[in-house]
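The shown structure was predicted, so the numbers you read here are calculated from the model rather than taken from an experiment. Note that the numbering runs from 1 along the sequence shown for the chain.
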Amino acid sequence: MGQLFSDTSKKEDNEDLVSSFNEYFKDIKTENKIISQETIDLIKLHLNKGNIHGANCLISDTLRNIDNAPINIAVTGESGVGKSSFINALIGIGPEEEGAAEVGVIETTMKRTSYKHPKIETLTLWDLPGIGTQKFPPKTYLEEVNFKEYDFFIIVSATRFTKLEVDLAKAITIMKKNYYFVRTKVDIDVENERKTKPRTFEREKALKQIQSYSVKVFNDNNMAVPPIFLISNYDLSKYDFPVLMDTLIKELHVQKRHNFILSLPNFTDEAIDRKYKATQQFIWLEAFKIGVVAIFPVLGNLRNKDMEKIKNTLNHYRKIFGVDDESLELVAKDFQVPVEQVKKTMKTPHLWKNYREETFRNNFKKLASAFDYPVVPKE
């Protein structure tokens, strides 16, 4: 058989691939990359050396690891602090929907309970019993709840931090695990403050007082002050929920970042944009890998299963963003319009003037334009 490529053409192809790879990742911030800089450098090294097979295999392995990397988040706190509501908010389902954490004012969690994200199979939230119960005394709490399994702990509190919660934070620190304090029901506290002091009330001042009190608890216990986030489980766009999500994304292992970003509820334009950019990276890497095979067919023919994987990925992302057929039917039902009109709206932004809810309109329009490609049929 004759030589498939001249040395000159191979060199030019290699340079094009390296240039394309460099150009794509150079402007993406480190905390937003779904693969590590070490992996990026190693892929470039393979490309520079002309080791196309090595680059292709590394990209394939990296994407497979991203798909399969488990994410386990422990959520703990005492009875009535909004722990179950926080879990439901994080996985984006209502308290009465199938798979939701049970919400109540009494202690509903007497054993650790797992809650799978409805769209991200690798993400599990663990609702842990409150520390200090008869079955879970402080000395053995972490061992009893299998602390080694979790990527990090979120300690949920309301009104005030208790001694048991502070003791739990100390124990987690000793075990060298990350933890974050979440102060829920801030919307209720702020409203109560407004009613109590109608003349002198200042929203920012009230929030600062809550934050200052929380910091004081740790200072009084001679502890380093951990990240503290003030949130409302019923209005995620307000207060510190977006900051909490940003913090978790930055501190998660890079391999787990992609799926965690996709799990976020669509509560702000920024959250939607971040999810869109994460999906862009994954699809770009898949397409780059297929492009390498197309340029160097000696690696193997471009098979139907390669394109099928792209189709499956796109269909998965449509579900994540809520623009699959089932989700669009629910939207149509909520707005009492035919589903065909909703689908048409995805390509005709002017129709959004017929609807009143500004936040939903902006978010959905951005989402729709991001995924404004032909529907990928299911096999």
Side-chain angles (χ1 to χ4, degrees), residues 1-71 120 122 249-262 273-318 320 370-374 376:
M1 292 180 64
Q3 188 176 9
L4 289 173
F5 300 100
S6 69
D7 290 339
T8 301
S9 65
K10 283 185 177 181
K11 183 177 180 181
E12 289 175 350
D13 285 332
N14 287 343
E15 290 175 352
D16 287 343
L17 289 171
V18 174
S19 176
S20 175
F21 205 86
N22 275 330
E23 188 66 26
Y24 185 78
F25 282 101
K26 72 175 184 179
D27 294 326
I28 300 176
K29 294 181 179 179
T30 301
E31 62 267 24
N32 291 332
K33 290 176 180 175
I34 65 170
I35 61 175
S36 68
Q37 188 59 47
E38 180 182 4
T39 301
I40 291 173
D41 291 339
L42 190 54
I43 293 171
K44 290 194 296 185
L45 180 63
H46 283 310
L47 294 175
N48 271 313
K49 290 183 175 181
N51 183 9
I52 306 304
H53 180 70
N56 183 284
C57 289
L58 182 54
I59 293 173
S60 295
D61 290 343
T62 300
L63 295 180
R64 189 182 306 112
N65 290 338
I66 288 173
D67 268 340
N68 298 327
I71 307 169
I120 305 297
T122 57
I249 289 168
K250 289 177 183 177
E251 298 189 9
L252 258 179
H253 188 281
V254 64
Q255 196 175 74
K256 304 185 179 190
R257 187 176 293 159
H258 177 63
N259 276 340
F260 184 73
I261 291 173
L262 295 188
D273 190 55
R274 177 169 242 160
K275 290 168 76 168
Y276 171 49
K277 289 178 179 177
T279 60
Q280 269 189 325
Q281 288 182 63
F282 196 98
I283 293 171
W284 188 90
L285 285 165
E286 283 280 15
F288 184 87
K289 180 185 67 174
I290 291 175
V292 168
V293 176
I295 293 173
F296 295 89
V298 71
L299 292 175
N301 294 324
L302 187 60
R303 295 161 294 185
N304 288 334
K305 72 175 185 178
D306 296 315
M307 295 309 299
E308 186 64 26
K309 180 153 187 198
I310 289 288
K311 288 182 181 181
N312 291 336
T313 299
L314 293 176
N315 278 323
H316 173 60
Y317 288 155
R318 291 176 67 232
I320 294 295
F371 279 79
D372 199 10
Y373 49 76
V376 181

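Put simply, the side chain of Ile66 reaches to within 4.5 Å of the side chain of Ile35, judged on heavy atoms. Within the 4.5 Å cutoff, the side chain of Thr62 has no heavy atoms near those of the Ile59 side chain. Counting only heavy atoms from C-beta outward, the side chains of Phe282 and Thr279 never approach each other to under 4.5 Å. In this structure the side chain of Ile40 reaches within 4.5 angstrom of the side chain of Gln37, judged on heavy atoms. Proximity of Lys44 to Asp41: side-chain heavy atoms (C-beta onward) are separated by under 4.5 Å at one or more points.
With rounding to the nearest 0.5 Å, the separation of CG in Asn65 from NE2 in His258 is 13.0 Å. A distance of 9.0 Å separates CG of Asn259 from CG of Asn68, quoted to the nearest 0.5 Å. Interatomic distance, CD1 of Ile71 versus NZ of Lys256, reported as 7.0 Å (0.5 Å rounding). Atoms CG and CD1, on Asn48 and Ile43 in that order, are 12.5 Å from each other to the nearest 0.5 Å.
Closest of all the heavy-atom pairs between Gln281 and Ile34 is OE1-N, 3.2 Å. Shortest non-hydrogen contact noted between Lys33 and Ile28 is CE-O, 3.0 Å. Between Thr39 and Ser36, the closest heavy-atom pair is OG1-OG, 2.9 Å.
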(request) Test Lys277 against Asn32 for side-chain contact (heavy atoms from CB on, under 4.5 Å), laying out the working first. (result) CA-CA 8 Å; Lys277 289 178 179 177; Asn32 291 332; 5.9 Å; no

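Between Asp61 and Arg64 there is a salt bridge, since at least one side-chain N of the basic residue sits less than 4.0 Å from a carboxylate O of the acidic one.
Formation of a donor-acceptor pair under 3.5 Å by the Arg257 side chain with backbone atoms of Ile249 is found in this model.
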